[in-house]
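To start, the structure under review is shown below, and the notes come after it.
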Number of protein chains: 2
Amino acid sequence: MSSPPSRPVALRDVAAEAGVHPSTASRALNPAMRYLVADPVAERVQEVAARLGYRPNAVALSLRTGRTRLIGALVPGIANPVFAPILAGAAEALSSVGYALMVADPGDDPGRAAEFVEQLAARSVDGLLLATASLHDDPALAACRARQIPAVLVNRGSEGIPSVVADDRGGMGLAAEHLLGLGHRRIGHVAGPAQLSTGLLRAEGFERALRAHGVEAEPSLRVVTAAYTREEGDRAAAVLIARNPDMTALACANDLLALGAYDACRRAGLRIPEEISVTGHNDMPMVDLIEPPLTTVRIPHGEMGAQAARLLLGLIGHGEEAGAVVLPSALVVRGSTAVPRSDGR
Amino acid sequence: MSSPPSRPVALRDVAAEAGVHPSTASRALNPAMRYLVADPVAERVQEVAARLGYRPNAVALSLRTGRTRLIGALVPGIANPVFAPILAGAAEALSSVGYALMVADPGDDPGRAAEFVEQLAARSVDGLLLATASLHDDPALAACRARQIPAVLVNRGSEGIPSVVADDRGGMGLAAEHLLGLGHRRIGHVAGPAQLSTGLLRAEGFERALRAHGVEAEPSLRVVTAAYTREEGDRAAAVLIARNPDMTALACANDLLALGAYDACRRAGLRIPEEISVTGHNDMPMVDLIEPPLTTVRIPHGEMGAQAARLLLGLIGHGEEAGAVVLPSALVVRGSTAVPRSDGR
DNA sequence: AACGTCGTTGCAATCGATTGTAAGGAGTTC
DNA sequence: GAACTCCTTACAATCGATTGCAACGACGTT
């Protein structure tokens, strides 16, 4: 009539109540083994289980089967508006098939990322979603290989590991062509970190578009940043402005860098877009509200997360090998770009 | 000489290699039980464990001890710029003491939230961080009580459950007083959903400040929204603008609502702040960059997450009961507020 | 009537760690 | 030298589920 501590109902409770052995109850409740038990018995067990509110203990199940239905995710900043929607997309795709997502945020520290991989491995995650990967010798990737944990990269790519990324080269090409089409010829590039695939590929896409239009890419028109931050964008843009008085546009590898470029332009007294055009990349939330609204490249954040999750599940389930998935980007023209002034600047 | 599948090294492997029983190895490796084994033996076991790269299997440990060192978090939108930094703060505080965070995103659906609580319970999380709570009869909270899972609310409060929230009443009061101080008297309020503590308390803070200044709160100057979205803010602000031609300011319960109000004002041809002042709440990232920069109330997102995590750990560890923690908010004055035009509007 | 088959169910081992209890041996005391 | 500690280690049960194997009874066949 009373049971204050009340241990949660276990399989053995269901079995006892139904008058069968736990193993029989297990089979009656497992659709795949259901055929091994007689119909009336199975129905009785299921009825009892429902009545008692039985929920299988996921921990015990994991110990026995070796699978946790847990996926670990490593992101450089949960609050980063680029990665948050990726996580949301992945979480949605995973939870719909009974998987849960554990997030760990090592920031930009590769060593910390590797440590987190070890911790997640100790928790026996079934797979890993990595948004932190750098292009070469990533310790987190090495840890995955060492522990043989299926892993998929999102947003950033690396060699020999399945990944889901946006078309960084093509996307940046769209931005560059947009500027070229407006008539810009002296275009500065605020490049992303060279150890990240996004930084490298977007720089490539930028230069390729320029060459296709017969414009030579000058070293003086490029500054490589150390991180995707507003401060770095400010610093890099300031250098470019000081170095190239005839520059009429700035193509930035990422929206945060573009915001920093806004700061630098404002400080230099350059009006956007009248005196200098600026483009970003990623179309993160709210860049349509800043003044002027940022012309940028939209990448399918949520879809990237979802596809990466599905790719990972395929890897785990059927061991199906997969290469790199590249999702298309789209140019979003807003108010930060315009035709250059005829007098240069 | 070879072992392709290579089962990860377990305690029994360490014990065998060190020539002792697994139980002895367990005690040698556990600082709390360390005193039960002779020094030379303990050292040998530790040396072997290190050499073999032994990592205790967290799943087995959880099954035996009943604790998983896992905390579940329920948020209405991972990508929401209000909740992302809360999660980041919590994740940081938790990972520093060996806990990991599982996030689930039920959106605004209370039924889905309850279902997620059940799933997290089946995974034996040690506690729950809830950012989704509504004021009354929240099914997710009921599920927590039923399964006796320690839970702490963040950002939003509810009765009888420990919580960490911002000073919603006081914060909204700051915004109202700022507007009153500028000379505004006809101030509209775009209120948040009434079933959320934030919606209710901010409305209270708003009206209390008005009354303290001898201004009567008129029903026609308030519209209650159904959700914290830009669209709802647009809709509500449009209603207020149409209904009150003499209104000179809009105090919004949240930044997203304020952004919607921007849209409505723009459509109505009202310049901000010259013809109408607008305030928000939360100071989410980038509202300093929109045009005009939004005057808003800053709440300590990350600190809220961190404190909630610590509160929860206290609850789990020492069963120490805790009430509601209220963190101070601060007014951030930017460009969306100004003195009202003398001709009313 | 004896035997083989098949459908059901129970038994017991297993996953990897923790922990209460017993047993072993060394040292001390009377 | 017998008895009594105490220190150290081993044994075995336990957490909750899954699953290979054995056993059992009912039935059909010859």
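Chain naming here is simple, since letters A, B, ... match the order of the sequence lines and numbering starts at 1 in each.
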**Asked** What integer distance in Å separates A:Arg7:CZ from D:dC15:P?
**Response** 8 Å
**Complete:** Those residues at least two apart in sequence (or on a different chain) that pass salt bridge (Lys or Arg N to Asp or Glu O under 4.0 Å) with B:Asp39 are B:Arg34
**Item:** Nucleotide D:dC15, atom P - distance to CG of A:Asp13 in whole Å
**Value:** 11 Å
**Prompt:** Rounding to a whole Å, what distance do you find between A:Asn30:CG and D:dG20:P?
**Reply:** 12 Å
**Asked** Is there a donor-acceptor pair closer than 3.5 Å between any side-chain N or O of A:Ser62 and the backbone N or O of A:Ala58?
**Response** yes
**Separation of atom CZ in A:Arg34 from atom C1' in C:dT9, rounded to whole Å** = 14 Å
**Message:** So does A:Val154 get a backbone contact from the side chain of A:Ser163, meaning a donor-acceptor N/O pair under 3.5 Å?
**Reply:** no
**Prompt:** Using a cut-off of 4.0 Å between protein heavy atoms and nucleotide atoms, how would you tag nucleotides 7-13 of chain D 5' to 3' with B, S and -?
**Reply:** -SBBBBB
**Request:** Could you check how far CG of A:Leu63 sits from P of C:dG16, rounded to whole Å?
**Result:** 7 Å
**Request:** Give a yes or no answer on whether the side chain of A:Arg147 reaches the backbone of A:Ala122 with a donor-acceptor pair at less than 3.5 Å.
**Result:** no
**Asked** Out of curiosity, A:Ile161 CD1 to A:Leu141 CG, how far, rounded to the nearest 0.5 Å?
**Response** 4.5 Å
**Message:** Using whole Å, what does the distance between atom C1' of nucleotide D:dC15 and atom CG of B:Leu61 come to?
**Reply:** 11 Å
**Fill in**
Rounding to 0.5 Å, atoms CG (A:Leu87) and CG (A:Leu94) come to a distance of 10.5 Å
**Spacing of B:Arg67 atom CZ relative to D:dC15 atom P, expressed in whole Å** = 18 Å
**Asked** Whole Å only: how far is the CG atom of B:Asn57 from the P atom of C:dA17?
**Response** 6 Å
